[in-house]
Structure formats: structure tokens, C-alpha cells
Amino acid sequence: MNSQVMEILTRELTQKKNSTVNTNSTPIKKVNILMVDDHPENLLALEAVLTSPNYNLVSATSGNEALKYMLKQDFAVILLDVQMPGLNGFELAKIIKKREKTKDIPIIFITAISQEDEHVQHGYSVGAIDYIFKPFQPDTLKQKMEQFVRIQQKHEEELFQNKLERTVELEEMNERLDRAALDLRRSEALTQAITDTLMDTIVTFNEQGYILSVNPAATQMFGYTDDDLFGQHVVKLFLNIEGDEGQGSPYFLFSLIEKAVGKVVESVALRKDETHFPADIQVGVVTVEGQRIFVCTIRDITERKQIEEVRRQQFQNLEQIVEERKLDLELANERLQKEITERKKMADFLFASKERFRTIFESSPNLIAIYSLNEKSFIDMNTSWINTTGYSYDEIKNEKISVLNIEEEISGYSVDLSLPVRNLKVSYETKSGEIRAGLLATETIDVHLEPCVLIVLTDITETAVLEKEIFRLDRLNLIGEMAAGIAHEIRNPMTTVHGFLQLVRNERDELPIEIVDLMLQELNRANSIITEFLTLAKDKVSNKKMQNLNTIIESLFPLIQAEALRCNKHAILNLHSCPDLLLDQKEIRQIILNVSLNGLDAMSSNGELSIKTYANEQEVVLEIKDQGVGITPEVLEKMGTPFFTTKDEGTGLGLAICYSVAKRHHATIHIDTGKKGTTFSICFKRMKLQ
């Protein structure tokens with residue numbers, strides 16, 4: 001159908017719409033119907049069939065255009081073509097049903113491509129309520145539209161009727177509320193006139209004790225305004241109430257106020273400026289709409305109390321003069337006896353405590369010494385300290401701590417004794433020059449008002465030697481297993497190269513380039529295995545220097561992000577401020593790349609890899625988290641074992657290298673895995689400032 005025919009049809013339909021006149025005197029609200037078809041001639045045909053004064057027909061030639069219309073207005077029915085370029089009818093129907101605003105709009109599919117049950121069933125599964133096949137019957141389509149329009153109009157009528165009924169009910173209720181408000185205002189005016197003229201403070205509060213109102217006398221008596229007290233608890237106005245007996249609990253005070261109903265009770269009232277005065281309180285109670293409202297009258301009785309106090313004081317003065325002398329003597333004697341008793345107890349306690357400490361100090365197998373922070377020298381040490389270090393008591397007393405050269409094992413820095421530590425692994429030097437290992441614990445104490453440090457050093461030299469021997473044996477065992485693995489891994493490529501070389505030797509023909517490439521690949525694989533194996537060497541020299549872990553991650557992240565995008569996955573950074581560490585940049589880059597690439601391999605499309613850093617008091621932590629299916633217990637048990645891999649082309653040395661790098665950096669690796677993913681946590685010990 002050419003453009004001229006389209007223009008003629010459009011003009012005729014427009015004239016037909018303009019010539020239609022509604023015969024009813026009451027205007028009819030048009031119902032919006034959306035027609036979606038990528039062929040304009042089909043839209044014109046639908047419009048010609050459905051044109052009606054009751055319908056507002058909206059045409060869209062694509063799924064995206066239809067979505068734009070649905071954002072602007074509501075529709076009663078959607079006529080949707082199945083076969084459209086770009087966003088087809090099934091996909092558009094899914095989007096419509098997902099949106100809260102459009103999920104209930106009826107959808108009728110119009111198609112000419114297939115009438116098979118499977119195709120029709122697909123349409124119903126995505127939300128269609130009917131299926132019309134081209135060419136369609138105009139009368140059938142009209143009748144279906146009329147049914148949907150009637151349903152829409154009936155729904156709107158029900159909504160309007162419900163709204164009208166609610167409006168009438170609200171008007172009646174508002175009228176009753178207006179009458180009640182008028183009566184309430186009259187009562188409030190009378191009550192306000194009475195309370196404003198009283199000199200006593202009147203406070204009203206609810207069952208929970210929260211103040212509802214106060215009269216103007218409260219400002220003069222307490223210094224508060226109405227706004228200051230509204231919503232505050234009534235006990236805020238009282239320091240004490242008769243019957244409190246020193247308990248002072250707000251809940252107890254409030255219970256006393258409740259008990260004062262119908263009685264006059266003495267109390268101590270508290271002003272805003274924290275001053276207080278004696279007062280009489282009287283409480284009444286009324287019930288309003290099932291809720292009890294308390295009315296409390298507070299009267300200042302300062303003047304009355306002053307007169308009573310003067311009379312009482314005059315009566316007591318005579319007795320007090322006689323009793324004062326007697327009491328002074330008795331108190332003085334009592335204090336003297338008590339002081340003598342306390343001094344004796346203190347002396348006995350100090351002697352016993354000193355003896356216990358001396359017994360523990362001398363008999364302990366640990367090295368114990370007392371170090372003065374002011375003098376920076378030793379003031380005492382036990383027998384174990386003297387026997388182990390080789391120094392005599394006189395040689396080490398009053399000497400500096402440097403005489404033992406106590407250093408932290410990991411960093412090699414001298415230990416700062418002013419900071420308390422627990423089981424810090426250190427090395428120290430004896431008089432003979434022997435370097436021994438120990439666990440250091442320190443605690444700050446006062447000796448004769450002088451700040452000192454109690455040093456407890458547990459010698460673990462023999463244990464450390466035994467651990468090294470066990471580690472050496474483990475290494476020998478591991479070397480045997482790894483040698484077998486290397487022999488197996490390298491023998492495969494060597495066998496290939498050896499076989500091709502024999503073939504060339506026998507046939508003496510020129511070696512095909514494919515065979516040469518294959519031999520080179522096998523040799524490169526053997527070289528890669530040897531290189532990765534050497535990375536595991538314990539004595540590998542690391543080029544460590546102080547640098548920031550976040551800086552290394554940021555420089556490496558573009559490479560990780562590019563690899564993630566290549567396989568339709570995502571990588572994000574979540575870096576927090578971390579202190580500088582002693583790191584080998586190349587080795588740290590290697591451990592980050594190995595773990596990150598393993599995480600990407602473990603995820604399916606659209607998975608997210610998260611790289612996070614943070615610091616606590618003891619460690620700087622690097623977390624690399626994936627959204628894979630997790631690691632099975634069988635595989636987790638063998639993680640880090642050389643030549644163990646779950647990949648078809650892996651060497652099984654990647655994680656083993658990561659563990660080797662972590663060990664050289666005195667770091668630990670923790671693995672937390674589950675069905676929602678795996679998290680590798682590499683924990684570096686923080687460097688202590690000197």
C-alpha cells in the first residue's frame with residue numbers, strides 16, 4: 001500500500017471521527033485502546049473497524065513506542081501484533097505484565113504467522129487473554145472490544161459510587177465533629193478562666209504521667225513555659241515526695257503521685273534552674289473517653305516550712321550544745337581505733353601480697369623482670385632470667401633494655417616496652433651472643449609510685465628448633481611429592497618432542513611447521529611448569545618495600561575489569577583506607593591476579609567479582625569475593641596442593657604460589673565458601689610504629 005493510499009485512508013477516517021455525534025445528552029468518557037503493529041496499513045484497518053465515539057484509539061508502530069504511550073496514559077485494552085522487528089509482541093507483553101501500573105491491562109494478540117497450539121500457548125503464558133488470527137472478523141473484534149469496554153466502565157462506575165458514599169459519610173462525621181469541637185471549646189474557655197486566676201500551679205497529665213497542660217502560675221513557680229513542660233513526665237517537677245524514703249526512682253515517684261489522689265501530700269518541687277522548694281500537692285482524677293486524666297495542684301509552702309524550721313532549730317540548739325562535745329570525743333576515739341585497725345590490716349595484706357609476688361617471681365620458670373620507664377633500666381629480675389641470659393644480677397641491674405637486644409621476630413624492630421603486648425614472638429640475645437626465641441608479655445605497674453613494666457618472657461627456643469625440624473621434614477616430603485608431579489607434568493611434553501625428533505631423524509624429511517609449533521608449545525608448557533615451581537621456592541628473594549596495598553590494586557584493576565567484561569561479568573572495587581605495608585609489588589600483583597581470575601572462572605555470565613580492603617587494629621585485610629557455586633569440601637581440602645587443579649589446562653600451581661607468596665609476607669589466607677559464592681581473605685599483619 002503506497003503513501004497516497006495511506007493519506008486517503010487517514011483523511012477519510014478523520015472525517016468519519018469528526019462527523020460522529022454523541023446522541024446522549026450526557027458526555028461519555030472515552031476508553032483508551034492501544035493498537036501496536038509495525039505495519040501502518042494494519043493499524044488503519046483496525047482503526048476503521050473500531051472507530052467509535054466511546055473509544056480513544058492510540059496507534060504505535062513498535063514496542064518501544066507503545067511503552068512510551070503507556071507511561072503517559074492508561075489503557076483498557078491492548079491489541080498487540082506478535083511478529084514485530086526489535087521488541088516483538090511476546091517480549092513486550094512480558095514487560096507490560098512486570099510493571100505494577102500495567103500488569104492488569106488485558107492483552108489480545110493479533111497474528112498471521114502460526115495457529116499451532118504451542119505458539120498460542122506461548123502467547124497465553126506471557127499474559128495474553130485472547131488470540132485473534134489474521135484475517136480477523138470485524139464483528140467478532142468489535143464485540144470483544146465492547147465487552148472489555150463495558151467491564152472498564154462498570155469498574156469506573158463502582159469506584160465513583162464508592163467514592164460518593166465515602167464523601168457523604170465524611171461530611172456527616174465532620175458535622176458531628178464540628179458540634180463536639182464547639183462544646184469542647186466552651187468547656188476549655190471556662191476551665192482556662194479558672195486556672196488562669198489561681199495562684200497555685202495546676203498540672204494535668206495522663207495515666208503514663210506525661211504532662212498535657214499547665215496553668216500560667218507554672219511559669220512563676222517553676223520557671224518553665226507551657227512548651228517546655230508539654231509532653232514531659234510529671235516527675236520532672238519533683239525532687240522528692242513524701243513516702244519516697246530516698247529511693248529516688250522516677251517510677252516510684254510517679255506511683256506516689258498516683259496514690260496522692262484525694263489527699264494532701266508534702267513534696268520537694270524542682271525548678272528549671274535546679275533549685276528546689278517544699279510544696280503541698282493534691283491530685284484529682286477524671287475519666288475522659290475511657291482514659292484517666294490526673295489534675296495535680298502544687299502549692300509553694302516555703303514560708304510555712306521556714307517558720308517550722310526556726311521553731312525546731314530553737315528547740316534542738318540546747319540539746320545540740322551538750323551532745324556536740326560528747327559526740328566529738330566519741331567520734332575522735334572511734335576514728336582512731338578504726339585507723340589503727342585499718343593500718344594493721346593494710347600492713348598484713350601488703351606483707352602477704354609481697355611474699356606471694358616474691359615467691360611467684362622467683363620460682364617461675366619464665367624469665368621475669370621489672371623495668372623502670374623513667375630510668376629506662378632494669379630494677380629487678382628473677383633467677384630464670386639470670387640463668388637463661390647468662391648475665392649476673394649485678395651485670396644487668398640498672399642496665400638499659402638494649403643489653404638483650406629484644407626484637408620482634410616478624411619485623412625485626414626493637415620492642416617498645418611502653419605498649420602492653422601479649423605473647424608477642426620475639427628474639428633476644430644472651431651474654432654469650434646466642435640468639436634465642438621467646439614469647440613476650442608486658443604489663444604496666446607502679447613500684448613505689450614509679451611507672452614500671454613487668455616483663456614476662458617465655459623461652460621457646462627448643463620449641464622453635466623442633467618446629468623448624470618438623471617443617472624441614474614436611475618440606476622434604478612435599479619435595480618428593482612435587483618431584484613426582486613435575487616428572488609427570490614435564491615428561492608429557494618431553495615425550496611429544498622426543499617422538500617428533502625421532503620421526504624426523506628416521507625420515508629425514510623437512511619437519512612440517514605444524515609439528516614445529518606443537519613442539520614449541522610443549523616446550524613452553526614445560527618451561528612454564530618449571531617457572532611456576534621455582535616461584536614456590538622458600539628462599540626466593542623478595543623485593544619488599546613500604547607501599548600501599550590499595551595503590552597496587554588500583555593499578556591492576558583495569559586488567560581484571562577488562563577480563564571480566566570480556567566474559568560478560570562485572571568487577572567492582574570497595575577500597576578503604578589502609579596503612580602502608582612491607583610488600584613485594586610483583587608478588588602481590590600475582591596473588592591478586594591468580595585469585596581474581598579464578599573467581600571470574602568460577603562464575604556464570606553477569607556474575608560480580610568484588611575486591612575489598614579494610615584495616616583493623618592487628619591486620620590489613622584483602623577480600624576477593626565471587627558469586628560462583630562455591631567449593632566442595634573435597635576440593636577445599638586439597639586447595640593449595642601443588643599440581644592439584646580442577647581446570648582442564650591448569651598446572652595446579654596457581655594457588656600453591658599464592659600460599660607461598662602469603663607466607664613470605666607473613667600473611668594468612670582464609671577461604672569462606674558456600675552456595676552463594678566464595679571469599680578469599682588475605683590478612684597482612686600491620687607494621688608497628690617505632
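Quick note: residue numbers are just sequence positions, from 1.
- Checked by atom type and distance alone, the side chain of S414 never pairs as donor or acceptor with a backbone atom of E407 at under 3.5 Å.
- For N548 (side chain) and C578 (main-chain N/O), a donor-acceptor pair under 3.5 Å exists by modelled atom type.
- Of all heavy-atom pairs spanning A437 and T461, the tightest one is N-OG1, 3.0 Å.
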Going by atom type alone, with no hydrogens or angles, which donor-acceptor pairs under 3.5 Å involve a side-chain atom of residues 604-615 and a protein atom two or more places apart or on another chain?
from : atom 1 : to   : atom 2 : distance (Å)
T613 : OG1    : N550 : OD1    : 2.7
T613 : OG1    : H576 : N      : 3.3
Y614 : OH     : E623 : OE2    : 3.3

Please lay out, stage by stage, how I552 and Q547 fare under the test side chain to side chain contact (heavy atoms under 4.5 Å, CB included). CA-CA 8 Å; I552 299 175; Q547 51 191 311; 3.8 Å; yes
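- Annotation: the span from L57 atom CG to L46 atom CG amounts to 9.0 Å, rounded to 0.5 Å.
- Atoms OG and CD1, on S555 and I592 in that order, are 8.0 Å from each other to the nearest 0.5 Å.
- In this structure, F684 has no ring pair (Phe, Tyr, Trp, His ring centres under 6.0 Å) partners at least two apart in sequence or on a different chain.
- Side-chain contact check for T679 versus H670: every heavy-atom pair is 4.5 Å or farther apart.
- Remark: the backbone N or O of R686 is not paired with any side-chain donor or acceptor of E619 at under 3.5 angstrom.
- Counting all heavy atoms, side chain and backbone alike, S681 lies closest to V621 at CB-CG1, 4.4 Å.
- Remark: L559 CG to L597 CG distance equals 7.0 Å, nearest 0.5 Å.
- Proximity of L34 to L79: side-chain heavy atoms (C-beta onward) are nowhere separated by under 4.5 Å.
- Remark: I107 CD1 to F90 CZ distance equals 11.5 Å, nearest 0.5 Å.
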What's the verdict on side chain to side chain contact (heavy atoms under 4.5 Å, CB included) for I108 and V77, showing C-alpha distance, side-chain angles and the deciding distance? CA-CA 8 Å; I108 299 176; V77 184; 4.1 Å; yes
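- Between V426 and L457 there is a side-chain heavy-atom pair separated by less than 4.5 Å.
- In terms of heavy atoms, L87 sits closest to M84 at O-CE, 3.5 Å.
- The only member of K544, K663, R664 that meets salt bridge (charged side-chain N to carboxylate O under 4.0 Å, His left out) when paired with E587 is R664.
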Does the salt bridge (Lys or Arg N to Asp or Glu O under 4.0 Å) test come out yes or no for E91 and K94, once each step is laid out? CA-CA 5 Å; E91 294 170 342; K94 289 181 180 179; over 6 Å; no
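- The structure places CG of L440 at 6.0 Å from CG of L424, a figure rounded to the nearest 0.5 Å.
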What's the verdict on side chain to side chain contact (heavy atoms under 4.5 Å, CB included) for D626 and D601, showing C-alpha distance, side-chain angles and the deciding distance? CA-CA 9 Å; D626 63 56; D601 290 342; over 6 Å; no
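- The shortest side-chain heavy-atom distance between N56 and I33 does not fall under the 4.5 Å cut-off.
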Which atom pairs, one a donor and one an acceptor, fall under 3.5 Å between side chains of residues 66-75 and the rest of the protein, sequence neighbours left out?
from : atom 1 : to  : atom 2 : distance (Å)
Y69  : OH     : E65 : OE2    : 3.4
Q73  : OE1    : N32 : ND2    : 3.4

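- Residue V49 comes nearest to P138 through the heavy atom pair CG1-O, 3.7 Å, listed as atom of the first residue, atom of the second, then distance.
- Between S596 and I560, the shortest heavy-atom contact is OG-CD1, 3.6 Å.
- The shortest side-chain heavy-atom distance between N88 and D81 does not fall under the 4.5 Å cut-off.
- A pairwise comparison of heavy atoms in E563 and L600 identifies CG-CD1, 3.8 Å as the closest pair.
- Partners of K685 according to the salt bridge (Lys or Arg N to Asp or Glu O under 4.0 Å) rule, which considers only residues two or more places apart in sequence or in another chain, do not exist here.
- Considering only residues two or more places apart in sequence or on other chains, E617 meets the salt bridge (Lys or Arg N to Asp or Glu O under 4.0 Å) condition with none of them.
- Within a 6.0 Å sphere centred on NZ of K625, heavy atoms belonging to other residues, nucleotides or ligands number 12 at most.
- A search for side-chain contact (heavy atoms from CB on, under 4.5 Å) contacts involving S59 returns M35, L43, E47, not counting sequence neighbours.
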Yes or no on side chain to side chain contact (heavy atoms under 4.5 Å, CB included) for L549 and L622, after CA distance, side-chain angles and deciding distance? CA-CA 8 Å; L549 180 61; L622 165 63; 4.0 Å; yes
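- Here the side chain of T102 pairs a donor or acceptor atom with the backbone of I96 at under 3.5 angstrom.
- Within 6.0 Å of NZ in K101 there are more than 12 heavy atoms belonging to other residues, nucleotides or ligands.
- To the nearest 0.5 Å, atoms CZ (F680) and CG (N594) are separated by 10.5 Å.
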